[in-house]
Amino acid sequence: MHSGSLLSRAAGALAVLSSAGTAHAQINVTLNPAQPAAGRGDNVLMTVTLTNTSDTVQHLLRWRTLQHDLEAPLFEVQRDGQPVRYLGRRIKRAAPGPVDYLQLAPGAALTHTVELSRFYEMRVAGNYTIRYRSPALPAPGTTAGAVVGELASNPVTIRVEGSSTPLPQDAAAAGPGFANCTGAQQTQLVTAMAAGRAMAADSQAYLTSGASYGARYAMWFGAQDAARGAKVTANVTAIKDAFENKPVNIDCDCDEPYFAYVYPARPYTVWVCKAFWTAAPTGTDSRGGTLMHELSHFDVVAGTDDHVYGQTGAAELARSAPQRAIDNADSHEYFGENTPAQASLSQAAGE
């Protein structure tokens with residue numbers, strides 16, 4: 001395919017959402033590939049431009065803008081029609097506040113170039129179709145005018161000449177233990193692992209007890225549904241197995257402000273960051289809960305996503321979009337932490 005036609009196909013889709021306290025988001029997203037084809041070993045570079053086409057200031061979450069490199073799976077990538085794995089970070093953040101948004105004036109644009117081959121499995125030869133897509137978000141409680149609608153571009157296609165074999169699904173980390181952690185940190189991490197393991201075990205016991213799922217399930221995963229309940233049970237069982245039987249490795253070499261991150265395709269290493277060390281071992285947004293959150297991200301565990309952050313967003317997701325809640329890492333964490341404590345219906349009845 002010629003580069004001219006590729007660029008002509010890169011016109012961005014308009015993301016528009018009308019909601020109380022939020023902006024009528026008018027952000028045009030375009031993609032421009034650095035070249036229409038990449039040779040074996042070449043970097044695949046894509047330039048993303050977000051333009052405010054409205055006559056009002058738009059407030060964008062920073063991690064939707066690529067301002068600090070790619071920190072979430074903001075692209076849909078397919079090779080010859082098949083989805084390509086995201087290999088980058090999945091980060092546990094606190095619920096976003098005003099400082100997490102940047103202002104985009106009317107007519108202004110943000111342009112960033114990302115090396116997609118760092119973050120997606122693009123070493124295999126084929127025709128790659130790429131689309132920027134940041135799904136719609138719940139409206140924040142504190143930031144008026146925030147852009148919460150879907151941001152999306154039209155797809156572009158490039159040819160990548162690479163090898164013929166993909167990375168193995170179960171390419172594990174070096175082994176169990178700690179990396180770049182002081183003795184004191186290792187002691188705290190042993191406690192955090194025990195807390196997370198207990199949360200996962202308690203969560204599985206709750207879901208497999210035969211009792212009604214009750215208020216605890218409903219709080220984080222929505223109305224009871226057999227198929228969704230089975231998915232949550234399978235996820236929690238896999239998380240428990242990861243805590244108990246897999247070679248979890250924790251790396252303390254992170255100076256970022258968030259809690260932790262992982263690479264989903266590289267089990268079972270978890271990087272813990274600044275917010276982790278200020279958290280309590282148990283309770284809301286705890287160290288144990290953070291480890292449960294991060295283990296859920298691994299492709300070979302539960303393959304969860306980060307649809308929303310924070311208890312308020314997770315509770316709203318359970319109410320309004322339970323199918324996404326059962327795929328949300330924070331929802332699994334808060335279910336495991338169980339604060340404030342929620343009992344099953346049978347427990348509430350004293351059975």
Side-chain angles (χ1 to χ4, degrees), residues 73 76 82-83 85-86 90 92 133 135-138 150 169-170 195-246 262 264-265 267-268 284-286 288-351:
E76 291 179 347
Q82 298 301 312
R85 283 190 297 160
Y86 171 69
R90 287 197 185 273
K92 172 178 165 51
R133 182 174 181 271
L137 302 172
E150 179 183 74
Q169 287 282 346
D170 59 351
R197 187 182 302 113
M199 291 175 191
D202 177 71
S203 298
Q204 188 202 39
Y206 177 97
L207 292 167
T208 59
S209 65
S212 170
Y213 288 153
R216 179 175 173 183
Y217 177 92
M219 172 69 76
W220 305 117
F221 299 115
Q224 186 172 342
D225 172 89
R228 292 198 298 268
K231 174 60 176 173
V232 172
T233 301
N235 287 352
V236 167
T237 299
I239 296 167
K240 176 177 178 289
D241 179 66
F243 269 116
E244 296 177 352
N245 301 310
K246 304 304 181 185
V262 299
Y268 294 89
T284 301
D285 291 317
S286 64
T290 293
L291 294 177
M292 187 171 179
H293 174 119
E294 297 301 338
L295 290 182
S296 78
H297 276 320
F298 291 122
D299 294 340
V300 295
V301 180
T304 61
D305 209 329
D306 287 315
H307 295 297
V308 299
Y309 294 110
Q311 281 197 335
T312 300
E316 173 58 24
L317 196 68
R319 186 194 68 79
S320 61
Q323 192 61 42
R324 294 176 72 192
I326 68 172
D327 183 49
N328 188 55
D330 255 6
S331 302
H332 289 74
E333 174 183 340
Y334 296 139
F335 181 79
E337 290 171 339
N338 194 28
T339 53
Q342 299 283 345
S344 67
L345 292 180
S346 60
Q347 289 170 326
E351 298 177 7

### Task
Determine, step by step, whether Asp305 and Arg90 satisfy the salt bridge (Lys or Arg N to Asp or Glu O under 4.0 Å) criterion, reporting the C-alpha distance in whole Å, the side-chain angles of both residues, the deciding distance to 0.1 Å, and the verdict.
CA-CA 8 Å; Asp305 209 329; Arg90 287 197 185 273; 2.6 Å; yes
Test of understanding: with salt bridge (Lys or Arg N to Asp or Glu O under 4.0 Å), list the residues that count as partners of [X], not counting sequence neighbours.
| X | result |
| --- | --- |
| Arg197 | none |
| Lys240 | Glu244 |
| Asp327 | none |
| Arg324 | none |

### Asp306 and His297, any side-chain heavy atoms less than 4.5 Å apart
yes
### Task
Check for a donor-acceptor pair, side chain of Asn328 on one end and backbone N or O of Val308 on the other, with a separation under 3.5 Å.
yes
### Query
Hey, are Thr284 and Glu337 close enough side-chain-wise for a donor-acceptor pair under 3.5 Å?
no
#### Entry: Pairwise distance CE(Met199) to NE2(His293) - rounded to 0.5 angstrom
13.5 Å
### Message
I need the minimum non-hydrogen distance between Met292 and Gly336, along with the two atoms involved.
### Response
SD-CA, 3.9 Å
### Message
Give me the atom names and distance for the closest heavy-atom approach of Ala329 to Ser296.
### Response
CB-OG, 3.6 Å
### Query
By ring pair (Phe, Tyr, Trp, His ring centres under 6.0 Å), which residues pair with Phe298, not counting sequence neighbours?
Tyr268
### Task
Quick one: list whatever passes ring pair (Phe, Tyr, Trp, His ring centres under 6.0 Å) with Phe221, sequence neighbours left out.
Tyr217, His332, Phe335
### Task
Could you check Val301 against Ile239 for side-chain contact (heavy atoms from CB on, under 4.5 Å), going step by step and ending with a plain yes or no?
CA-CA 6 Å; Val301 180; Ile239 296 167; 3.9 Å; yes
